[in-house]
Amino acid sequence: MTLLVQKFGGTSVGSIERIQAVASRVAESRRAGNQVVVVVSAMSGVTNKLVEMANAIQARPDNREMDVLLSTGEQTTIALLSMALLALGCPARSYTGSQVRILTDDAHSNARIDQDKVRQDLDSGKVVVIAGFQGVTADGDISTLGRGGSDTTAVAMAAALHADECQIFTDVDGVYTTDPRVVENA
């Protein structure tokens, strides 16, 4: 049995219809006999809206509180995707970064992943849906991994689980040297 980690970014899960399309793709992977772990980002535009709201309240938002706020975008997506999978008759369970113990330091790096829960769910036939971009510090504070954090989560999960493949579904042409929205010739 092949273990796949599939990551879907904000554009891929940017609407209910897109979440349902992702659910169909994931369910098909599972029906093909694969074990599937899905890592998702917040829906397109959600993180920017959360940042905008924080900036309207505080000129320089507190970093800890920003991590708590920003992590909610992915939490919304994991719940909706799990519901979409369940609606298709595909068993699924969602987890935040802290629930699968993606441990980070206060600088939001050096993640370690507790794979026991994930393995148990995979072995029972469930698709595991994990919030990308987030983890938890040793003190239990929610932390975020910054830009590209969902990709980092997917790769870290694939490594921790010894996955056969890590598939990152994206709407960009490839890996860039910098953010192509900022630097024209990236």
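When reading the values below, keep in mind they use all heavy atoms of this one structure, side chains included, and skip hydrogens, waters and symmetry mates.
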Enquirer: How would you list all residue pairs meeting salt bridge (Lys or Arg N to Asp or Glu O under 4.0 Å) that involve residues 28-37, not counting sequence neighbours?
Expert: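 Passing the test, one end in residues 28-37: Glu28-Arg31.
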Enquirer: Just to verify, which of Leu85, Val118, Asp121 counts as forming a side chain to side chain contact (heavy atoms under 4.5 Å, CB included) with Arg93?
Expert: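 The passing option is Asp121.
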Enquirer: Let me confirm one number: the OG1-CD1 distance from Thr76 to Ile19, rounded to the nearest 0.5 Å.
Expert: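 Atom-to-atom, Thr76:OG1 and Ile19:CD1 are 9.0 Å apart.
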Enquirer: Which pair of non-hydrogen atoms, one from Thr153 and one from Gln134, has the smallest distance, and what is that distance?
Expert: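 Reported closest heavy-atom pair: OG1-N, 4.4 Å.
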Enquirer: Is there side-chain contact between Leu161 and Arg119, with heavy atoms separated by less than 4.5 Å?
Expert: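 Heavy-atom side-chain distance check passes, below 4.5 Å.
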Enquirer: Cys166 vs Ile168, test: side-chain contact (heavy atoms from CB on, under 4.5 Å). Steps then yes/no.
Expert: CA-CA 6 Å; Cys166 181; Ile168 297 180; 4.2 Å; yes
Enquirer: Can you tell me how far apart CD1 (Ile102) and CD (Gln115) are? Round to the nearest 0.5 Å.
Expert: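 One finds 11.5 Å between CD1 of Ile102 and CD of Gln115.
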Enquirer: Locate the shortest heavy-atom distance separating Val22 from Val13; write the atom from each residue and the value.
Expert: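 Residues Val22 and Val13, closest heavy atoms: CG2-CG1, 4.1 Å.
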Enquirer: Using every non-hydrogen atom in the two residues, find where Thr77 and Val40 come nearest and quote the distance to one decimal.
Expert: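 Result for this residue pair: CG2-CG2, 3.6 Å.
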Enquirer: Find out if a path of hydrophobic residues (ILVMFWY) with successive side-chain heavy-atom gaps under 4.5 Å connects Val26 to Ile78.
Expert: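 Val26 clusters together with Ile78.
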Enquirer: Could you tell me whether the side chain of Asp62 and the main chain of Arg64 form a donor-acceptor pair under 3.5 Å?
Expert: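 Pair found, side chain donor or acceptor close to backbone of Arg64.
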Enquirer: Quick check: do Val37 and Leu4 have side-chain heavy atoms less than 4.5 Å from each other?
Expert: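 In short, these two side chains do not touch, never coming nearer than 4.5 Å.
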Enquirer: Counting only heavy atoms not in Lys49, do more than 12 sit closer than 6.0 Å to its NZ atom?
Expert: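 No, not enclosed.
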Enquirer: Taking the side chain as every heavy atom from C-beta outward, state whether Val46 and Glu74 have any pair of such atoms under 4.5 Å apart.
Expert: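 Side-chain contact under 4.5 Å: no.
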Enquirer: Could you pull out the closest heavy-atom pair between Val39 and Ala154, with the gap in Å?
Expert: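 Minimum heavy-atom contact is CG2-CA, 3.8 Å.
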Enquirer: Answer yes or no: is there a side-chain heavy-atom contact under 4.5 Å between Asp151 and Val155?
Expert: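 Asp151 does not reach Val155 side chain to side chain.
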Enquirer: Quick one: do Val136 and Leu103 satisfy side-chain contact (heavy atoms from CB on, under 4.5 Å)? Show the steps, please.
Expert: CA-CA 5 Å; Val136 63; Leu103 297 177; 3.7 Å; yes
Enquirer: Taking side chain as C-beta onward, heavy atoms only, is Phe8 less than 4.5 Å from Leu81?
Expert: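 SC-SC contact between Phe8 and Leu81 ruled out.
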Enquirer: Nearest 0.5 Å please: distance from the CD atom of Gln58 over to the CD atom of Glu65.
Expert: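 Spacing of CD (Gln58) from CD (Glu65) equals 8.5 Å.
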Enquirer: Please name the residue in the list Asp67, Val68, Leu69 that meets the side chain to side chain contact (heavy atoms under 4.5 Å, CB included) test with Thr144.
Expert: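 When side chain to side chain contact (heavy atoms under 4.5 Å, CB included) is applied between Thr144 and each of Asp67, Val68, Leu69, only Asp67 qualifies.
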Enquirer: Please name all residues satisfying side-chain hydrogen bond (donor to acceptor under 3.5 Å, both in side chains) with Glu165, sequence neighbours left out, ordered by chain then number.
Expert: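 Glu165 satisfies side-chain hydrogen bond (donor to acceptor under 3.5 Å, both in side chains) with Gln167 only.
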Enquirer: With the 4.5 Å side-chain cut-off for hydrophobic clustering, are Met43 and Val129 part of the same group?
Expert: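 Result: yes, single cluster for both.
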Enquirer: Indicate the atoms forming the closest heavy-atom contact of Gly33 with Met1, along with that distance.
Expert: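 What the structure gives for the nearest pair is O-CG, 3.1 Å.
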Enquirer: Between CD1 of Ile130 and CD of Gln99, what distance do you get to the nearest 0.5 Å?
Expert: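 Between atom CD1 of Ile130 and atom CD of Gln99 there are 10.0 Å.
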Enquirer: Could you check whether any side-chain heavy atom of Ser98 comes within less than 4.5 Å of a side-chain heavy atom of Ile142, counting everything from C-beta outward?
Expert: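 No; the side chains remain at least 4.5 Å from each other.
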Enquirer: State yes or no: do Phe169 and Leu3 share one hydrophobic cluster built from I, L, V, M, F, W and Y residues joined by side-chain heavy-atom distances below 4.5 Å, directly or via other members?
Expert: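 As far as the 4.5 Å side-chain criterion goes, Leu3 and Phe169 are not connected within one cluster.
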Enquirer: Enter the distance from Gln20:CD to Leu80:CG here, rounded to the nearest 0.5 Å.
Expert: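 Reported to 0.5 Å precision, the distance equals 9.5 Å.
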Enquirer: Measuring from Phe133:CZ to Thr96:OG1, what's the distance to the nearest 0.5 Å?
Expert: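 Going from CZ on Phe133 over to OG1 on Thr96, the span is 13.5 Å.
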Enquirer: Can Leu50 and Met66 be said to form a side-chain contact (heavy atoms from CB on, under 4.5 Å), step by step?
Expert: CA-CA 9 Å; Leu50 293 170; Met66 281 298 288; over 6 Å; no
Enquirer: Do you know which two heavy atoms are closest between Ser41 and Ser150, and how far apart they sit?
Expert: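 That would be OG-OG, 3.1 Å.
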Enquirer: Treating Ile, Leu, Val, Met, Phe, Trp and Tyr as nodes and any side-chain heavy-atom pair under 4.5 angstrom as an edge, say whether Val36 and Val5 lie in one connected cluster.
Expert: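 Not linked; separate clusters.
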